[in-house]
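Read the structure below first, then the notes.
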Amino acid sequence: QSGLGIGCRDRRLARYFGQGILVSFDMMLPNSKKVIVGAIVRNVVFNDNGIIKIGFEIKDIDALSQVNYEEYLETLAGS
């Protein structure tokens, strides 16, 4: 299984990310490629420093998006 996390400071956004909620979003990669993701919110953490960390489990990703995402991850591993 694969996942990803985001961080934000705007507490108003947290109401959209309850555990178990299904979400769909576009992720723009630095190489100007787009990844379309269907995911489930697995955890939401409110840190003392005001940052909200939201963890997602990727459930659905189309073939082209999968290739773009894997290429991006390979560039991170090579850094």
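In this text, all values refer to a predicted model and were calculated from it rather than measured experimentally.
In this structure, M28 is not a member of the same hydrophobic cluster as V37, with clusters built from ILVMFWY side-chain heavy atoms closer than 4.5 Å. Hydrophobic clustering places I21 together with F17 (ILVMFWY residues linked when any side-chain heavy atoms are closer than 4.5 Å, directly or through intermediates). L22 and V41 fall into different hydrophobic clusters, where Ile, Leu, Val, Met, Phe, Trp and Tyr are joined by side-chain heavy atoms under 4.5 Å apart, directly or via other members. By the rule that hydrophobic residues join a cluster once side-chain heavy atoms approach within less than 4.5 Å of another member, V44 and V23 end up as members of one cluster.
A donor-acceptor pair under 3.5 Å is absent between the side-chain atoms of N47 and the main chain of N49, judged by distance alone.
Here the straight-line distance linking atom CZ of R11 with atom CG of L13 works out to 11.5 Å at 0.5 Å rounding. The distance from the CD1 atom of I6 to the CD1 atom of I54 is 4.0 Å, given to the nearest 0.5 Å. Summarising the geometry, atom OH belonging to Y72 is positioned 9.0 Å from atom CG belonging to N31; distances are rounded to the nearest 0.5 Å. Rounding to the nearest 0.5 angstrom, the gap separating the CD1 atom in I61 from the CD atom in Q66 is 4.5 Å. Once rounded to the nearest 0.5 Å, the distance linking CD1 of I51 with CG of D10 reads 13.0 Å. Here the CZ-CD distance, from R42 to Q19, works out to 9.0 Å after rounding to the nearest 0.5 Å.
Among all heavy-atom pairs drawn from R12 and R15, the shortest one is O-CG, 3.2 Å. Across every non-hydrogen atom of Y69 and G3, the tightest pair is OH-O, 3.8 Å.
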Intermediate values then yes/no, side chain to side chain contact (heavy atoms under 4.5 Å, CB included), K33 and E71: CA-CA 10 Å; K33 293 183 179 178; E71 287 176 356; 3.2 Å; yes
Steps toward side chain to side chain contact (heavy atoms under 4.5 Å, CB included) verdict (F56, I40): CA-CA 5 Å; F56 300 96; I40 297 174; over 6 Å; no
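Neither side chain, N68 nor S65, offers a donor N or O lying under 3.5 Å from an acceptor on the other.
Among V35, L73, I58, the single residue meeting the side-chain contact (heavy atoms from CB on, under 4.5 Å) criterion with L4 is I58.
The environment of D48 atom CG is sparse: at most 12 non-hydrogen atoms of other residues, nucleotides or ligands sit within 6.0 angstrom.
By the 4.5 Å heavy-atom criterion applied to side chains, L76 and E74 are not counted as neighbours.
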